[in-house]
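To start, the structure under review is shown below, and the notes come after it.
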Amino acid sequence: MNPFPMGTGVKVWLSTGHTDMRCGFPSLALRVQEVLKHDPLAGHLFCFRGPPR
């Protein structure tokens, strides 16, 4: 059973650095637009991670 039933055209983008997760969804969406040059509402999955504790 697939826990993530996504279509075949969905891409998963992983952030390689640490992201300040306190910035919230609007700021993360802006990063997707400005850094990756993608539409955050296009149906792809963008994954960010915070710093280690």
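Just so you know, these numbers come straight off a predicted model, no measurement behind them. Reckoned from all heavy atoms, side chains included, excluding hydrogens, waters and symmetry mates.
- When all heavy atoms are compared, the tightest approach of Gly50 to His18 is O-CD2, 3.5 Å.
- For His44 against Gly9, the heavy-atom pair with the smallest separation is CE1-O, 3.4 Å.
- Screening residues 23-50 for salt bridge (Lys or Arg N to Asp or Glu O under 4.0 Å) gives no qualifying pairs among residues at least two apart or on separate chains.
- The salt bridge (Lys or Arg N to Asp or Glu O under 4.0 Å) analysis of residues 13-30, with sequence neighbours excluded, yields the pairs Asp20-Arg22.
- Here Trp13 sits in one hydrophobic cluster together with Met21, Leu28, Val32, Leu36, Phe46, Phe48; the rule is ILVMFWY side chains under 4.5 Å apart, joined directly or through other members.
- Val35 pairs by the side-chain contact (heavy atoms from CB on, under 4.5 Å) definition with nothing, not counting sequence neighbours.
- Nearest heavy atoms, Cys47 versus Leu14: CB-CD2, 3.6 Å.
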